[in-house]
Amino acid sequence: MYTVLAGGVGASRFLQGLCQFVDPANVTVISNTGDDVEMFGLHVSPDTDIVLYALAGAVNPETGWGLTGDTFAVVDQLQRFGYERWFNLGDKDLAMAIHRTRLLHDGVPMHEVTANLAKAWGLACTVLPMANEPVRTMITGPEGELAFQEYMVRLRTEVDVRSVRFAGVESAKPAPGVLDALSGADVVFLAPSNPVVSIGPILAVAGVRDALANTRATRVAISPIIAGQVVKGPAAKMMTTMGYEVSALGVAQIYDGLIDVFVIDEQDRALKPAVEALGLRCFVTDTMMTSAERKAELARDILSFLEAAK
Ligand code: GDP
């Protein structure tokens, strides 16, 4: 069994590869819901939806989020009524948000809502939210606190991040299935996602960090940082202003005590001894998932490395 802690785009690429190579029925995704947002009265779960769309083969390959061929008539029309247009929610994407919101209003817990959506997309894998209770990633910049999507989308990450907090996490419990997926897995992957705002909220839910620390599974993280840079997104900027070293090694340090194997890119081969000095096994390979083949090869190569190391 394979369990994957997942953010959005980086995670979805890795999952597309993994599910080409292993039986998706043996894959459980634990999805970050810290960047969920209420837009136009609708509950939107950006990271979960990116993963669902990608695994369904429906994600827009140009953006890495949203649906292929989607249009934006509704958000355009909403401007007539004074709504802001900064959050791009496509028309088809809105259907998902309407359905999710209605189920939540009917009292259906988030894990059942997410299972319902995954089923509607024909997925064989299990997709779990990290928690059923709302947790909201809040960013403190120079002028105070912002909700994550305001920072990410409205302000296009052009704000120095001083700190991050996960509002509501004190009252959140791991969604049903989350702890079992960690303790019962053979391999737990920390996807190549933002360690602070994608994997961080999942680890902040009570019991998750302990379950990961104590699982009998082999725990494998893939670095989202290649040659000191991100493939996309604000992880590098965020790590800099928060005082972390912006490198694959910096990511390995953030995951200290929680992983056994760290996967770094060929371009970072020189960091291998430093990663091993942290007590980790280090696998060096091409981690840039540019094509469907490369996504599958990355998953295959990591699993072969794990098999060979047994
Ligand atoms: P977001 O929520 O959509 O920003 O997505 P994630 O948190 O899952 O992923 C963002 C991180 O994934 C960024 O730090 C990227 O550098 C990383 N990433 C995206 N694509 C790839 C890839 O092909 N290979 C690797 N190694 N990292 C990637």
Side-chain angles (χ1 to χ4, degrees), residues 4-18 29-37 44-55 59-66 87-88 93 127 129-130 137 139 147-149 151-153 156-157 161 164 189-203 220-240 242 244 246-252 254-255 261-269 271 275 282-299 301-302:
V4 183
L5 272 54
V9 177
S12 68
R13 288 180 176 163
F14 175 70
L15 279 160
Q16 283 177 310
L18 185 67
V29 181
I30 301 176
S31 176
N32 169 40
T33 52
D35 62 0
D36 282 18
V37 62
V44 184
S45 298
D47 276 359
T48 306
D49 288 353
I50 288 170
V51 164
L52 295 176
Y53 296 160
L55 288 175
V59 78
N60 179 344
E62 276 151 42
T63 51
W65 53 265
F87 198 80
N88 277 318
D93 219 350
V127 183
M130 64 191 197
T137 298
I139 303 289
F148 181 74
Q149 296 301 342
Y151 158 77
M152 182 79 187
V153 184
R156 298 170 198 276
T157 76
V161 179
V164 171
F189 291 103
L190 278 62
S193 288
N194 186 317
V196 181
V197 294
S198 292
I199 304 297
I202 305 175
L203 296 177
V220 183
I222 301 104
S223 177
I225 305 278
I226 300 178
Q229 293 182 337
V230 283
V231 180
K232 66 162 278 293
K237 275 199 292 191
M238 217 174 237
M239 286 173 72
T240 309
M242 293 181 73
Y244 296 111
V246 185
S247 69
L249 186 61
V251 178
I254 293 177
Y255 294 146
V261 177
F262 194 56
V263 181
I264 62 173
D265 196 83
E266 280 292 354
Q267 296 179 59
D268 290 315
R269 182 172 281 283
L271 294 175
V275 170
C282 184
F283 178 49
V284 185
T285 188
D286 177 4
T287 68
M288 192 73 94
M289 292 174 281
T290 38
S291 63
E293 294 73 42
R294 196 51 227 148
K295 288 172 191 167
E297 281 164 15
L298 179 61
D301 293 351
I302 294 172

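In listed order, ligands and their atoms are each counted from 1.
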Please produce the table of protein N or O atoms sitting under 3.5 Å from N or O atoms belonging to ligand 1, one pair a line, distance to 0.1 Å.
residue, atom, partner, partner atom, Å
ligand 1, 2 (O), G8, N, 3.3
ligand 1, 2 (O), D47, OD1, 3.1
ligand 1, 3 (O), V9, N, 3.0
ligand 1, 4 (O), K232, NZ, 3.4
ligand 1, 5 (O), G8, N, 3.3
ligand 1, 5 (O), V9, N, 3.0
ligand 1, 7 (O), N194, N, 2.9
ligand 1, 7 (O), S198, OG, 2.6
ligand 1, 8 (O), G8, N, 2.8
ligand 1, 8 (O), G10, N, 3.3
ligand 1, 8 (O), A11, N, 3.3
ligand 1, 8 (O), S193, OG, 2.7
ligand 1, 9 (O), G10, N, 3.3
ligand 1, 12 (O), P192, O, 2.8
ligand 1, 16 (O), P224, O, 2.8
ligand 1, 16 (O), V231, N, 2.6
ligand 1, 20 (N), R13, NH1, 2.8
ligand 1, 23 (O), M289, N, 2.8
ligand 1, 24 (N), T287, O, 2.8
ligand 1, 26 (N), S223, O, 2.9
ligand 1, 26 (N), T287, O, 3.4
ligand 1, 26 (N), T287, OG1, 3.3

Test side-chain contact (heavy atoms from CB on, under 4.5 Å) applied to V230 and I225, step by step: CA-CA 5 Å; V230 283; I225 305 278; 3.8 Å; yes

Heavy-atom donor-acceptor pair, S198 side chain to G7 backbone, under 3.5 Å: no

N/O donor-acceptor pair under 3.5 Å between D268 side chain and A227 backbone: yes

Least distance between heavy atoms, V59 atom then G64 atom: CG2-O, 3.4 Å

For P129 against T33, the heavy-atom pair lying closest together: CB-CG2, 3.8 Å

Residue of the set L52, D47, V51 for which side-chain contact (heavy atoms from CB on, under 4.5 Å) holds with V29: V51

